[in-house]
Peer 1: 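Would you mind keeping the following structure in view while I ask a few things?
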Number of protein chains: 2
Amino acid sequence: MVVDKLSDADVDRLFQALADATRRDIVRRVTVAEYSVSGLAALYAMSFAAVQKHVAVLERASLVTKEKRGREQIVRGNHEGLQKARRLLDEYEAIWRQRAERIADILAEG
Amino acid sequence: MVVDKLSDADVDRLFQALADATRRDIVRRVTVAEYSVSGLAALYAMSFAAVQKHVAVLERASLVTKEKRGREQIVRGNHEGLQKARRLLDEYEAIWRQRAERIADILAEG
DNA sequence: GTATCGTACAACCAAATGGTTGTAGATAAG
DNA sequence: CTTATCTACAACCATTTGGTTGTACGATAC
C-alpha cells in the first residue's frame with residue numbers, strides 16, 4: 001500500500017535537508033522539545049538568519065513545522081517527513097533483499 | 001551496539017549522495033545488476049563525464065563500489081552505505097518514539 | 001601495427017548552497 | 001509611548017554542485 005506518492009523533487013528536498021549536520025541537530029532537538037527560531041539560533045555559532053534558513057529548508061522538506069505563537073515562531077519535529085525518508089530507504093533495502101534471494105536461488109539451482 | 005562510527009562529514013556525504021534523482025536511479029540499477037560506467041551513461045540524457053561524476057559521488061558515500069575489469073569499470077551496489085543511512089534514520093525514529101512514550105506517560109499521570 | 005572503446009581528468013560555466021549584514025514590521029515589556 | 005525582542009526578507013559573497021567539452025591514456029579489436 002503506497003501511502004503517498006513523492007515526486008523526485010520531494011525526495012531531493014528530503015535527503016538534501018538531511019545532508020547538513022546543523023539541520024540534523026535541529027531535527028533531533030525539536031523532536032525532543034519545542035524551540036523558537038531564536039531559541040535554536042542561540043545554540044549555534046552562526047547568525048540568526050542562517051539558522052532561519054536552515055529551518056526553512058527543513059520545513060520545505062516536511063521535517064519540521066512552524067507555528068506562530070505571539071511574536072515567536074515555534075518549531076516542532078514533523079514525523080511525516082522522517083517516515084517518508086525511512087520508507088524510501090526501506091524500499092532500497094527491499095530491492096537489495098530481492099537481489100540476495102535471486103542470487104541464493106541461482107546458487108541453489110547450480 | 002554501535003557497529004561503526006560515522007563522522008558528520010560521512011553522514012553529509014551519504015544523504016547528499018541520495019539527494020539526486022539520477023544517483024538514486026543508479027543505486028537502484030546497480031543493486032539489481034552490474035553495469036560499466038559507460039553502460040550506465042547510455043541510460044541517461046547527459047554526458048559520460050556527468051555520469052562518471054555521479055558514480056564518483058556515490059562511491060565516496062559508500063553506496064557503490066567500482067572494480068576494474070579489462071578496460072571497463074564495473075559498478076556494483078554497496079549494501080554498507082545503504083545500511084548506514086537506514087540505521088541513522090532508525091535512530092531518529094527511536095528519538096521520536098521516546099518522545100511519544102514520554103508524552104503518553106505525562107498524559108497518564110495528569 | 002592502427003583504430004576504437006572505456007575511462008580519467010582538467011577547465012570551464014551557470015545555478016544552488018550556506019553563510020553574512022542590514023532593514024523593516026509585529027508583538028511584548030517597561 | 002517607547003524600547004526591546006522575534007521574525008522575515010533582501011542583497012551580497014564564496015564555495016559547491018551538476019553539467020559541459022576537450023584531451024590523454026590504457027585495453028581491446030581488427
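Chain letters run A, B, ... following the sequence lines, proteins first and then strands; every chain starts at 1.
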Peer 1: Pick the closest DNA chain C nucleotide for Gly70(A) and for Phe48(A) by heavy atoms, then say which residue is nearer the 5' end.
Peer 2: Phe48(A)

Peer 1: Taking the side chain of Glu72(B) as its heavy atoms from C-beta onward, which of dT20(C), dT7(D), dG6(C) lies nearest to it?
Peer 2: dG6(C)

Peer 1: Which pairs of donor and acceptor atoms, one on a side chain in residues 48-64 of chain B, lie under 3.5 Å apart (sequence neighbours left out)?
Peer 2:
residue, atom, partner, partner atom, Å
His54(B), ND1, Arg23(B), NH1, 3.2

Peer 1: Roughly, in whole Å, what's the span from CD in Gln73(B) to P in dG26(D)?
Peer 2: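 Result: 15 Å.
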
Peer 1: Below 4.0 angstrom from OP1 or OP2 of dT20(C), is there any side-chain N or O of Ser47(A)?
Peer 2: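 Yes, within the criterion.
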
Peer 1: Roughly how many Å is it from CZ in Arg60(A) to P in dA8(D), rounded to a whole number?
Peer 2: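 In whole Å, dA8(D) P and Arg60(A) CZ are 13 Å from each other.
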
Peer 1: In whole Å, I'd like the distance from the CZ atom of Arg24(B) to the P atom of dG18(D).
Peer 2: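 Distance, rounded to whole Å: 11 Å.
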
Peer 1: Heavy atoms under 4.0 Å, any strand shown: does Thr22(B) hit a base, just sugar-phosphate, or nothing?
Peer 2: nothing

Peer 1: Report which part of the nucleic acid Ser38(B) touches: base, sugar-phosphate, or nothing (heavy-atom distance under 4.0 Å, all strands).
Peer 2: sugar-phosphate

Peer 1: Heavy atoms under 4.0 Å, any strand shown: does Ala41(B) hit a base, just sugar-phosphate, or nothing?
Peer 2: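 It contacts nothing in the nucleic acid.
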
Peer 1: Can you check the Glu59(B) CD to dC9(C) P distance for me, whole Å?
Peer 2: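 My rounded result for the distance is 11 Å.
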
Peer 1: Which part of the nucleic acid, if any, lies within reach of Arg69(A) when heavy atoms closer than 4.0 Å are counted: base, sugar-phosphate only, or nothing?
Peer 2: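 Nothing, no heavy atom under 4.0 Å.
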
Peer 1: Taking 4.0 Å as the cut-off, does a side-chain nitrogen or oxygen of Lys66(B) come that near to OP1 or OP2 on dA8(C)?
Peer 2: yes

Peer 1: Write down the distance between OH (Tyr44(B)) and C1' (dT20(D)), rounded to a whole number of angstrom.
Peer 2: 19 Å

Peer 1: On the nucleotide dA8(D), are OP1 or OP2 found under 4.0 Å from the side-chain N or O atoms that Gln52(A) carries?
Peer 2: yes

Peer 1: Whole-Å distance between dT16(D) C1' and Arg13(B) CZ?
Peer 2: 14 Å

Peer 1: Using a strict threshold of under 4.0 Å (side-chain N to carboxylate O), is an ion pair present between Arg24(B) and Asp20(B)?
Peer 2: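 Salt bridge flag = no for Arg24(B) with Asp20(B).
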
Peer 1: Pick the nucleotide of DNA chain D nearest each of Gln16(A) and Ile74(A); which residue has the one closer to the 5' end?
Peer 2: Ile74(A)

Peer 1: Asp8(A): what forms a side-chain hydrogen bond (donor to acceptor under 3.5 Å, both in side chains) with it, not counting sequence neighbours?
Peer 2: none

Peer 1: Of the candidate nucleotides dA8(D), dT7(C), dG18(C), which contains the atom at the shortest distance from the side chain of His54(A)?
Peer 2: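 So the side chain of His54(A) is nearest to dG18(C).
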
Peer 1: Please report the closest heavy-atom contact between Gln16(B) and Ala19(A), naming both atoms and the distance.
Peer 2: N-CB, 3.4 Å

Peer 1: Within the structure shown, what part of the strands sits under 4.0 Å from Lys68(B) by heavy-atom distance: base, sugar-phosphate, or nothing?
Peer 2: nothing

Peer 1: Kindly point out which of dG18(C), dT7(C), dT21(D) is positioned nearest to the side chain of Ala49(B)?
Peer 2: dT21(D)

Peer 1: Please give, in whole Å, the distance from dG19(D) P to Met46(B) CE?
Peer 2: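 After rounding, the reported distance stands at 4 Å.
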
Peer 1: Any salt bridge linking Arg13(B) with Asp10(B)? Criterion: basic side-chain nitrogen under 4.0 Å from a carboxylate oxygen.
Peer 2: yes

Peer 1: Which heavy atom of Tyr92(B) sits nearest a heavy atom of Arg28(A), and at what distance?
Peer 2: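 Minimum heavy-atom separation between Tyr92(B) and Arg28(A): OH-NH2, 3.2 Å.
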
Peer 1: Arg71(B) side chain: which of dC9(D), dG6(C), dT27(C) is closest?
Peer 2: dG6(C)

Peer 1: Please state how far atom NZ in Lys53(A) lies from atom C1' in dT15(D), giving the value in whole angstrom units.
Peer 2: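 Atom NZ in Lys53(A) sits about 13 Å away from atom C1' in dT15(D).
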
